[in-house]
Amino acid sequence: MKFTKMHGLGNDYVYVNCFEEKIDNPQAVARFVSDRHFGIGSDGLIMINPSKTADFEMEMYNADGSRGEMCGNGIRCVAKYVYDYGLTDKTQISVETLGGIKYLDLTVEDGKVSLVKVDMGKPELEADLIPIISEREQVIDEPIEVDGKEYHMTGVSMGNPHAVIYVDDVKGLDLEKIGPKFENHERFPKRINTEFVHCIDRQTVEMRVWERGSGETLACGTGACAVAVSSILNNLTDTQVTVKLLGGDLQIEWDREKDRVFMTGPATVVFDGVIDITEIKE
Ligand SMILES: N[C@H](CCC[C@H](N)C(=O)O)C(=O)O
């Protein structure tokens, strides 16, 4: 199977052009290619498929083989792939995802995509739709206990579920310890992506993320959007936010009038390769 290794700010996936390749067991293939010792090494697998309702379809799997509804860093890389590898010559494209159809603007320099602006759509705040089990309709600054410690979370869905937690010291967090406790907490029926955030000023935040199905990643596009929406809702930032992640910065804007979130950031090709997946069982 031919693949292309790409990343968005270090959030790396194995991309497969399924106009040419066929994957019958994507969950097992995702687990295999994601293994950083016995496979290629990635945060998951992203398949680029034909679509009946958009220019392309993005089908995304986490490193544990679970399917994610949406992937912000991933969809920017899909845009770069389809333009740089000649599947389209358009600089405005649409991509079907389980989180709805997304619309992207591609910036091209010397014939290659260097930056992508994504209309990430409407953030969902209703607890039932994120989903988060709560007594309230929306989860804003709501207590949650993990490991005997009380945190305050704000729930946002960007097609996939997020819990945003504000802390004073992001760098010092033992994410390996508390990340899985949030991910698998009983209040999250579909598990959750958890972002830990420190606000630097009204235009800038720094964050780390423990992703559902992949663990800590260097960046999370949907997570950065959830953080910006949460920070605006909690009156901690203005509506345009620079989100500083371990892998770099994303520019996020929540247009409150349109109620749509816009994410702008880079996409990078690392290498092309071929791997035998015929022996993968499951
Ligand atoms: N890294 C992705 C998010 C993956 C989300 C996935 N972990 C899930 O929702 O299961 C991003 O850039 O938005």
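Only a predicted model underlies this, so the values are computations on that prediction, with no experimental measurement involved. Start at 1 and go down the list; that is how both ligands and their atoms are numbered.
Taking a 4.0 Å cut-off on heavy atoms, Cys220 registers as neighbouring ligand 1. Residue contact annotation: Thr217 has no non-hydrogen atom under 4.0 Å from ligand 1. Within the structure, the closest approach of Tyr61 to ligand 1 does not fall below 4.0 Å when heavy atoms are considered. Heavy atoms of Met158 come nearer than 4.0 angstrom to ligand 1 in no pair at all.
Listed by number with element, the atoms of ligand 1 under 4.0 angstrom from any heavy atom of Asn73 are 11 (C), 12 (O). Distances below 4.0 Å separate heavy atoms of Met60 from the following atoms of ligand 1: 4 (C), 6 (C). In the vicinity of Tyr13, heavy-atom distances shorter than 4.0 Å reach the ligand 1 atoms 1 (N), 2 (C), 4 (C).
Taking the ring centre of Tyr15 as origin, the terminal cationic atom of Lys5 falls outside the region bounded by 6.0 Å and 45° from the ring axis.
No donor-acceptor distance shorter than 3.5 angstrom exists from the side chain of Asp43 to the backbone of Tyr13, with no hydrogens or angles considered. For the pair Arg202 (side chain) and Thr237 (backbone), a donor-acceptor distance under 3.5 Å is present.
With respect to atom 5 (C) of ligand 1, the closest heavy atom belonging to the protein is Asn160 ND2, 3.4 Å. The closest protein non-hydrogen atom to atom 4 (C) of ligand 1 is Glu211 OE1, 3.2 Å. Cys71 SG, 3.4 Å is the protein heavy atom nearest to atom 2 (C) of ligand 1. Protein heavy atom at the shortest distance from atom 6 (C) of ligand 1 is Asn62 OD1, 3.1 Å. Nearest non-hydrogen protein atom to atom 10 (O) of ligand 1 is Arg212 NE, 2.7 Å. Distance from atom 12 (O) of ligand 1 to its nearest protein heavy atom, with residue and atom name: Gly221 N, 2.7 Å.
Between Arg191 and Glu183 there is a salt bridge, since at least one side-chain N of the basic residue sits less than 4.0 Å from a carboxylate O of the acidic one. Between Lys181 and Glu145, none of the side-chain N atoms (NZ, or NE/NH1/NH2) sits under 4.0 Å from a carboxylate O, so this pair counts as no salt bridge.
Counting heavy atoms of neighbouring residues, nucleotides and ligands inside a 6.0 Å radius, atom CD of Glu150 exceeds 12 of them.
When every heavy atom of Arg36 is checked against every heavy atom of Gly41, the shortest pair comes out as NH1-C, 3.4 Å.
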request  = Evaluate the criterion side chain to side chain donor-acceptor pair (under 3.5 Å) for residue pair Asn160 and Glu69; output intermediate values, then yes/no.
outcome  = CA-CA 5 Å; Asn160 56 3; Glu69 298 88 347; 5.2 Å; no
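Rounding to the nearest 0.5 Å gives a distance of 13.5 Å between CE of Met263 and CD of Glu253.
Side chains of Ser34 and Ser42: a donor-acceptor N/O pair is present below 3.5 angstrom, by distance only.
Contacts between Asn11 and ligand 1 below 4.0 angstrom, taking non-hydrogen atoms only, involve the side chain exclusively.
Residue Gly72 has at least one N or O atom closer than 3.5 Å to an N or O atom of ligand 1.
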